[in-house]
Structure formats: C-alpha cells, structure tokens
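The structure appears right after this line, and notes come after that.
Ligands are counted one by one from 1 in listed order, and the atoms in each one are counted from 1 as well.
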Amino acid sequence: MAPVGEELVRTTCPRDCYDGCGILVSRVGGVIRHVRGDPQHRISRGKLCRKCSIGYNGVFLDPTARLTTPLERVGVKGDGRWRELSWEDALQRVASELLRIADGPGAQTVLNSHYTGTLSLIASSFPQRFFGRYGATEVDPDTVCNKAGHVALDLLYGASEVGFDPRTIADSRCVIVWGANPSACGPHQQEHWLSGSPGPVVVIDPIRTDSAIAADLHVQLRPGSDAALAFAMMHVAQRDGLIDGAFIARHTVGWDELRPIVEATDVSWAAAETGVPAELIERVARLYAQGPSLLWLGQGLQRQPLGGNVFRAVASLPAVTGNLARPGAGFCYMNGGARVGVDHDDLAGAAIANRDPPEPISQMDLAAWLEDPTRTSGLITWQINIAQSSPEQARLRRALCREDLFHVAIDLFATDTTDLADIVLPAASFLEFDDVVAPYFDIAISAQQKVVDPPGVALPNQEIFRRLARAMGYAERELYEPDGAILERILAGSGTGETFASLAAKGTVEPHPEVLVQFADGVFDTPSGRIELASERAVELGAPRVAQPWVDARPAPGMLRLLSPASPWLMNGSFGNDPKIVRRLGPSTVEVHPADAAACGVVDGGEVELVNDTGRLRARASVSPRVPRGVCLMAKGRWPRLEEARANVNVMNGGARSDLGASSAVHGVEVSLRPVR
Ligand SMILES: Nc1nc2c(c(=O)[nH]1)N[C@H]1C(S)=C(S)[C@@H](COP(=O)(O)OP(=O)(O)OC[C@H]3O[C@@H](n4cnc5c(=O)[nH]c(N)nc54)[C@H](O)[C@@H]3O)O[C@H]1N2
Ligand SMILES: Nc1nc2c(c(=O)[nH]1)N[C@H]1C(S)=C(S)[C@@H](COP(=O)(O)OP(=O)(O)OC[C@H]3O[C@@H](n4cnc5c(=O)[nH]c(N)nc54)[C@H](O)[C@@H]3O)O[C@H]1N2
Ligand code: SF4
Ligand SMILES: [Mo]
C-alpha cells in the first residue's frame, strides 16, 4: 500500500546507455523512498537494470557517500587532507588560477577533460560554452570510446548518428548484433526489442555473452578478425546473386574498386582467419543479404587496432546488399540528438567559442600531456573519472600527482580522479535538477525532472560554470543563459509541441509517429553525395581508399588478447563505489579458456597475475569456455581506490590508438597470465 503523502515523480535515466529508461520516483515528505522503472515507459516497463536499481537506491541517495561541498586540498596531492570552502571562495580560487595561466603559459595549456557521466543535454553540453570562451584544449571525449566508428561511418555515409529506427524491426527478417552486448549494455533492448525480432538474431562476438546465448546464431570469431568475416559475407552475396546492383549503381561510388577484393576473398581463408566454420559464414551471409536485415554496429567492435578498417568493412555490407533505405533494413551505431531536432552547437555555445581553438588531443595521449609542464598547466575534469577509465593508468596517476598542475575535478562522488585534484566541486545528480534526455538508440526525447534538492551545496554542472564565468568576469550572455530558456528552445526544436511540464507529465515522447526509414531520401553528406565505398577522404586520413580484408596478427606465444568490455553490474565506473554492487562484483576476476588456463598452469579460482609491458595486475582466475582460446576477459570499471593494488584493468592498457580517429584500441591489449603461488 502506498504510504500517506506519497508523490510519484516521473523522470528519465540519463546514463550513457542504449535504453533511456523511464523512471518513477516515490517521494514522501520531500524525501526519496525509492527509484524504480516507470511501468508506463515503453522501454523500462517498470524495471530498471540491475545496476541502477541498486545504485539509484543506494549510493546515489546516500548523502554520506556524495560530495556535498567544495573542497581544497591542504596536504600533498593524494594524501586525502581537505579544507571545506564556500562556492564563492572555491570559484574565486579557480578563476584566479585560470586567469594567471591565461596570462602566462596560455589558456591552451589547460585541458578540458569530460565525458558521459550524465548525457542529459544541458548538463553535458552547457559547460562547453565556458571552455570555448576560455580557449582550453579539449581532450577529444569520444577518443576513449567510439571515435573510430564515427570517423569510419562518416567516410562511408557522411553521418554516424543517423541509425535505423528501432521500431522498424517489425519489418525485418534478420538482425545482426555485431560487436555489441545488449544483455549488459542495453538490457531492456535485449529483453523487449531484440527478443521480439520476427527473424533470426545473429550475434557476432568473441565472447559467449548472454546476448550470444539468447541469439539464434552465435558467430564466435577471433577478436580483430571481423573485416575478413565481412569480406567473406560480401563474397558469398556476390557469388550467389544477392548483391543489390540497382542500389549500388544509384547510391554508391567505389564498388568497382571494392568488388575485385570481394571476389578474391576466399571463404575458407576467412574461416581459418576468423575461426568461424565456413558453413556458418555462408549461412549468415545469405540470411543477411536476403534481408530485409538490421545491423547493430557495436562500440566494442571498433575498439581495436584496426577498428576503423573493421568498421568500414562491416558497414559496407548494408550498401552492397541494399539493406538500407527500406523498411526493416539499415544499420545503427547510434541515433544522435539531431534526430529529435537537438542543435548541439547551440547548446555547446559554438557562437562564442574562441575563433581559433586549440587542436583537441586524444585521450590516448592524456598521460603524456599531463606529465609535461611545458604543455599543461591546468586540468578540469568533469563527469569523467580518468584515473579509472583512461589508458596508462600508472603513468597517468604519476602525472596527476604533479604539484604544479592545477587540477579542478567535478563529480558526485570522491573518485580516484578527485582524490588527486587541487579543488573538488560537488555536482548535483540527475534526481536534483530539470533537464532533457535524447536517448541514443530509440528516436525519442524525455524529461529529466527534479525530484529533490541536492545534498549539501552541490550544484548542476551548468550552474557551476555560470558561476565560474561570473568569477572570471566574462560578459557573453550565452554563459549565463538560464535552464528554462534552454529547455524551451530544445523542446521547440523537437517539433513535439511539448513544454517541459507537459513532457515531464508524459516522461518520453517519440516525435515521429510513423516509423522512419533510414536514408529514405537517398541523400548522403559525403563529397560525392553517395555512399563512398571508396573514399579519397580516407586516403587523406592515412587509410586505404576502400576497406581491406585485414586481420590482426595473433598474439605471440604465451600472450592472450585481453578484452575489457562493460560489466552488467557497472555503468562504466559508476556504481563501483556502491557497497551492494561491490559485493556483487566480488574480487577482480579474469576469465580464461580451459585450454589456455591449462597451458599457463592456471586453475579455476586460483590467484593469477596479468603482465605486459605497460603494467601488471593480480586477479582471481575463472576458467570458462565462454571465452575463446587466445583471449581473456576482465570487465572495465572497477575503482582503483577500492582495490588492494590501487589499479584496475587499465593499468595494462598502453593507450594504443586505432587506425582512424586517434581512438582507443583497448580491445587489442595483450597480456601473459601466470599463477601466483
Ligand atoms: N552495464 C553497462 N552498460 C553500458 C556500459 C557499461 O559500462 N556497463 N557502458 C556504456 C558505454 S560507455 C558504451 S560505449 C556502451 C558499449 O556497449 P557495446 O556497444 O555493447 O560495447 P562493449 O560492451 O564495449 O563491447 C561489446 C562486445 O564487443 C565484443 N568485442 C570485443 N572485441 C571484439 C571484436 O574484435 N569483434 C567483435 N565482433 N566483437 C568484439 C566484446 O566481447 C563485447 O561483448 O555501453 C554502454 N552501456
Ligand atoms: N579497459 C577499458 N577501459 C575503458 C573502456 C573499455 O572498454 N575498456 N571503455 C571506455 C569507454 S567506452 C568509456 S565511455 C569510458 C568511460 O569512462 P568515464 O567517463 O571516466 O566513466 P566513469 O568512471 O563512469 O566516470 C563518469 C563520472 O561522472 C560522474 N558523474 C555522473 N553524473 C555527473 C554529473 O551530472 N556531473 C558531474 N560533474 N559528474 C557526474 C560519475 O560519478 C563518474 O565518476 O571508459 C573507457 N575505458
Ligand atoms: S543504465 Fe540503461 S538500463 Fe539502466 S536504468 Fe539507465 S537507461 Fe535503463
Ligand atoms: Mo563508451
């Protein structure tokens, strides 16, 4: 029975997740009783995922776990002694340091490092107005996650954030999930969308994930061999007359260059390279090519040394087989805010940005930049936990300890990154301010509604940067625009006719009542105006004109390829400090195939050490046939500060970059494994 005085508040989960769940919060006497899925929401259907149902009712509501007031370090970096400051004093201190740096070595020596702690539109983009005005060097956010895929799709299709409309699955006859793991990363899409596929579901993943188990076909290939598989599939389609010549002629350029490579691709060669039986390749190729088929391009797929080439090869499939521009067909990497009319440049203040902004740097270079006083004097980290998520963890940690690096960290919690800052600023959580969310799989727009006041004096990101702008003495009105005005503009742009209040009452609105057909207009924003199977721009980026059937070299004897994708219990690092989640996670574990375990002398449950040139880490071995030979698996996102070794999997990540976009190739890391006696 509902308690007396219960109010229900509808809101939205703003995490970096395919689902975009609707939430219903129960509040009594101004205090949150519980946070649950909204039963009326088409995706969440009354249930949050396992991590959020724990974390949003656990650490997110625990004021003793949250940062509640600005802090200034008093001891040496990292020794954990702090002094509380008022907002005014904290922001005065930040402003005077930033002005000192701008007058001395230059604003470009301050790095702006941020990512997707929240994806609500104002909180994630408004602070960019400040950084543009100041002239800081941006640490290109997507380079730690999905940049190679964006660049590859942009080369081919002139767009990477225009995906299929998921509702078109009703018209499809086959869905391929290629290098994504919705069972962990989009659990509601797995349970309610993928499971409703009218045709067979194919999962292409080296790991036997829960998505692979639930699929009709699991193609368990070697990591980094996907381009060979894609070429073999195109070969089968071409050989069996399943190529769409009319579509190719009308909408593509470069088939004449791609075709000879496709024709020369030998299916048995691809079978040997990928480790996938030739009959299975043939079967999946025909299924896909006959269509109409959907192709979900995962982010795990491109976090590879040749991730850009892999993506170009796989993403050529829809064009060559005509699985595009018709119902039930298309590909999806993600659907960007522009699909619901969001003007990102406007939100991020492009109009007031420095005319000649410094070149962004790759997250892969973060440690090298931060350890170099001639290149960096300052660092502002907001909604990112670099000491958890970035490569070269030990080197980065040493760089963050530089006493002459002025570091401001903004977060909800004390993290490994805030631990090493000079000034720590407390951010409000999504339950504590109004905003709007545009999910990146479904084409929808949702309200994030304030439920309670923030703990202590915590503030939303955007308000922190408004106050900082004032402390800097900046005049541009864009730096002070209130949330209400921005919300109104976003909603006007969405064409939904909603006000914030009406959207909040509904939770989520899908602006297009009819199911969209991807690229129905046949317009592609490439130099030729067509899909560029061959691309001169690729050559300018140092890549071949057309995708190639290239395969990563196998690990040297004694080495295993270490995959570190998402954990179903964590959202990147978020919730890694929730006591219940920590218990569920148990000790740090590495999964390894029985044959490799035997070869390394490793036993199930035994303690092992993972070693490579970048670092080493101890873990508990879990011997499992879920993982293929030559591969080991350790999820991302544990908090170094809660581990005995003060490190997580990224201590072994050397920061190698992919072939396109200077993006992370973390799934190419190799390690050796040995038992600890
Ligand atoms: N629970 C949970 N959900 C999340 C996140 C989280 O941390 N936890 N993170 C969010 C974020 S930031 C992102 S970017 C998305 C990512 O979500 P996804 O797009 O699903 O990507 P990943 O989980 O990184 O990896 C997906 C799969 O790629 C596989 N893979 C690795 N190498 C290869 C390869 O060479 N070939 C193929 N075919 N597959 C390969 C991995 O085994 C893994 O199962 O998830 C979001 N959702
Ligand atoms: N080994 C390995 N490493 C990886 C990956 C991998 O596959 N393997 N994946 C990479 C990928 S895909 C990604 S996206 C990155 C993610 O890396 P990060 O972005 O560093 O992920 P989190 O650790 O979740 O850090 C987000 C922080 O934002 C905070 N936060 C949440 N909401 C707010 C807010 O409103 N305001 C502010 N100021 N802070 C907020 C959270 O408390 C949290 O500390 O990790 C990358 N690292
Ligand atoms: S993280 Fe994803 S699955 Fe979990 S509640 Fe949020 S939107 Fe839903
Ligand atoms: Mo990501």
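For atom 40 (C) of ligand 2, the choice among Q383, E432, H114 with the nearest heavy atom turns out to be Q383. The nearest non-hydrogen atom to atom 33 (C) of ligand 1, considering only Q304, H667, M571, comes from Q304.
Side-chain atoms of D16 and T116 form a donor-acceptor pair, as typed in the model, at a separation below 3.5 Å.
At a heavy-atom cutoff of 4.0 Å, ligand 1 is contacted by no atom of W569, backbone or side chain. If you look at N572 next to ligand 1, the close heavy atoms, those under 4.0 Å, come from the backbone and the side chain alike. The residue P182 has no part lying near ligand 1, judged by heavy-atom distances below 4.0 Å. Contacts of D16 with ligand 1, taken as heavy-atom pairs under 4.0 Å, involve both backbone and side chain. Only the backbone of L570 comes within 4.0 Å of ligand 1, counting heavy atoms alone; no side-chain atom from C-beta on gets that close. Of all the heavy atoms of N650, the ones lying under 4.0 Å from any atom of ligand 2 belong exclusively to the side chain.
Put simply, the side chain of N57 gets close to the backbone of V35: a donor and an acceptor are under 3.5 Å apart.
Shortest contact from atom 13 (C) of ligand 1 to any protein heavy atom: Q299 NE2, 3.9 Å.
Of the N or O atoms in C145, none lie within a sub-3.5 Å distance of an N or O in ligand 1.
Against a heavy-atom cut-off of under 4.0 Å, H188 is close to the following atoms of ligand 3: 3 (S), 8 (Fe).
For residue C17, an N/O/S atom approaches atom 2 (Fe) of ligand 3 to within less than 2.8 Å.
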